[in-house]
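Here is the structure we will look at.
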Protein chains: 2
Amino acid sequence: MARRTKTEAAATREALLDAAEEVFLEKGVARTSLEQIARHADMTRGALYWHFRNKADLFHAMLQRVRMPFQELVEEVGDPSLVERPLEAIRLACLKGFERLEQPRYRRVHAILIHHCEVFGDIDPLAMQNEMAEEACGALIDYFGCAARLGHLRPGISPEVAAELLQAMLGGLFHDWLRNHERFSILERGTLLLDTQLQLMRSPPSG
Amino acid sequence: MARRTKTEAAATREALLDAAEEVFLEKGVARTSLEQIARHADMTRGALYWHFRNKADLFHAMLQRVRMPFQELVEEVGDPSLVERPLEAIRLACLKGFERLEQPRYRRVHAILIHHCEVFGDIDPLAMQNEMAEEACGALIDYFGCAARLGHLRPGISPEVAAELLQAMLGGLFHDWLRNHERFSILERGTLLLDTQLQLMRSPPSG
DNA sequence: CCTTTTACATACAATGATGTATGGATAATG
DNA sequence: CATTATCCATACATCATTGTATGTAAAAGG
């Protein structure tokens with residue numbers, strides 16, 4: 001066995017992460033051994049233990065490739081006029097999120113995080129989900145608060161309730177789809193549900 | 001060690017199931033050994049292997065104690081006038097569900113099923129969740145279809161979309177709460193979100 | 001009251017996964 | 001070009017868990 005060049009080594013690292021994604025998704029994190037991952041990448045545990053300290057470290061690196069905070073999605077849309085249309089900002093950010101999730105890597109890793117792993121080592125998936133939820137809900141409250149001040153939000157529904165409502169709906173859709181992505185397209189159904197929900201919460205046209 | 005009477009044996013079986021609930025919830029299903037469960041019930045693996053074939057069998061028995069199909073919740077309300085008020089039937093069934101979930105046993109077992117276990121043996125938690133979701137969604141479509149025919153559902157929103165919307169919201173709330181039940185009361189927030197959502201989807205008063 | 005089954009506890013063998021230690025061949029570095 | 005650090009394979013020791021086999025004392029049952 002010859003020593004690999006630096007780029008080759010980086011490639012095997014990526015290959016190991018790819019393999020981890022696939023095996024984790026199929027067998028679950030707890031039930032997959034490091035040897036299964038290594039062999040799925042045509043490597044040995046030696047390679048794996050060289051690139052990562054242990055399974056938790058590998059898992060952490062796997063997550064690192066798909067960070068997707070809600071605020072980034074909004075910024076990525078990059079439309080400055082959205083400041084005056086917060087409901088549209090929410091809509092476009094969610095659509096961006098849906099598109100991201102249709103990429104296999106994003107879908108797989110999130111499915112693993114949410115449906116195919118338990119606590120182990122220093123990894124606490126529920127804490128991570130909590131962080132994600134907190135971040136998203138906080139952002140939503142800001143945008144809905146802005147919408148309320150602009151009179152875009154139906155009176156009688158507070159920004160907090162609007163945010164909790166939408167976050168619950170999005171979260172439910174998210175979990176549901178990640179459980180079996182072949183049943184429906186997250187982009188299609190997500191767009192439909194999101195639009196109707198926003199329509200329901202929008203201020204009715206006066207006059 | 002003396003042999004126990006039949007009722008004592010049934011009690012130890014329940015104690016083992018109780019212990020399984022607690023340890024599963026704390027450590028996750030995959031990371032808890034049968035010995036940990038047995039010792040947490042002040043028993044040995046001998047007792048566990050006598051009452052259950054293996055961990056999967058124990059898990060299955062644990063689930064059996066908290067079956068809660070959506071239709072049963074509606075029937076349990078037992079108000080015959082609900083046939084003419086399908087939206088109210090949905091509401092009351094959900095409230096019944098919320099109340100159930102506040103009982104520690106129901107909360108724990110569902111939290112385990114959804115957040116603290118992976119596939120193992122012949123246990124596929126995602127398939128179980130799929131079944132639950134299918135059943136609930138089917139029932140919701142029926143009720144919303146009935147509501148639409150009675151003119152109770154806001155025009156422009158189909159029964160299917162209404163059902164998917166509500167199911168996504170309820171599911172999101174469900175998952176969110178089960179992740180950390182101390183953050184809020186499922187009954188309180190659930191009632192609030194459910195009522196506002198149903199209010200939004202209800203047909204506006206004509207005239 | 002005698003036998004049989006029950007309801008466990010204890011002991012044992014087998015398995016598999018983990019982490020580390022070691023070795024080796026070559027790319028990187030000066 | 002010599003040296004060193006890198007990248008990985010192989011081998012080994014350890015540990016935890018599982019399933020089963022065996023023992024046993026008392027409850028069931030006649």
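Numbers restart at 1 for each chain; the letters A, B, ... are given by sequence-line order, proteins then strands.
For A:His115 and A:Arg179, the side-chain atoms include no donor-acceptor pair closer than 3.5 Å. Checking A:Ser81 against A:Arg85 by side-chain atom types alone, a donor-acceptor pair falls below 3.5 Å.
Put simply, the residue from B:Arg108, B:Arg65, B:Arg13 that forms a side chain to side chain donor-acceptor pair (under 3.5 Å) with B:Asp18 is B:Arg65.
Partners of A:Phe59 by ring-ring contact (aromatic ring centres under 6.0 Å, His included), not counting sequence neighbours, listed by chain and number: A:Phe120. For A:His152, the ring-ring contact (aromatic ring centres under 6.0 Å, His included) test picks out no residue, with sequence neighbours left out. Partners of A:His110 according to the ring-ring contact (aromatic ring centres under 6.0 Å, His included) rule, which considers only residues two or more places apart in sequence or in another chain, are A:Phe174. Residues satisfying the side chain to side chain donor-acceptor pair (under 3.5 Å) test with A:Glu118, not counting sequence neighbours, are none.
Between B:Glu35 atom CD and D:dC15 atom P there is a gap of 16 Å when expressed in whole angstrom units. When the C1' atom of C:dT18 is taken as reference, atom CG of A:Leu58 falls 14 Å away, rounded to whole Å. Rounded to an integer number of Å, the gap from CG of B:Asp57 to C1' of D:dG19 is 14 Å. The separation between B:Lys6 atom NZ and C:dT6 atom P is 7 Å, rounded to whole Å. A:Leu34 places its CG atom 12 Å from the P atom of C:dT20, with the value rounded to the nearest Å. Whole-Å rounding puts the B:Arg31 CZ to C:dA17 C1' distance at 11 Å. Rounded to an integer number of Å, the gap from A:Arg4 CZ to D:dC8 P is 5 Å.
Of the residues in residues 39-55 of chain B, those with a non-hydrogen atom less than 4.0 angstrom from any atom of DNA chain D are B:Arg45, B:Tyr49, B:Asn54, B:Lys55. Annotation: proximity of residues 12-24 of chain A to DNA chain D (heavy atom, distance under 4.0 Å) is found for A:Thr12, numbered in ascending order.
The shortest distance between the side-chain N/O atoms of A:Thr5 and the OP1/OP2 oxygens of C:dA28 is below 4.0 Å.
A salt bridge links A:Glu134 with B:Arg183; the closest basic N to acidic carboxylate O contact falls under 4.0 Å.
Within 3.5 Å, no donor on the side chain of B:Arg3 pairs with an acceptor on the base of C:dA7, nor the reverse.
Counted within 6.0 Å of CZ on B:Arg31, heavy atoms from surrounding residues, nucleotides or ligands total 12 or fewer; the atom is thus considered open.
Heavy-atom distances to DNA chain D give each of B:Thr7 and B:Thr32 a nearest nucleotide, and the one nearer the 5′ end belongs to B:Thr32.
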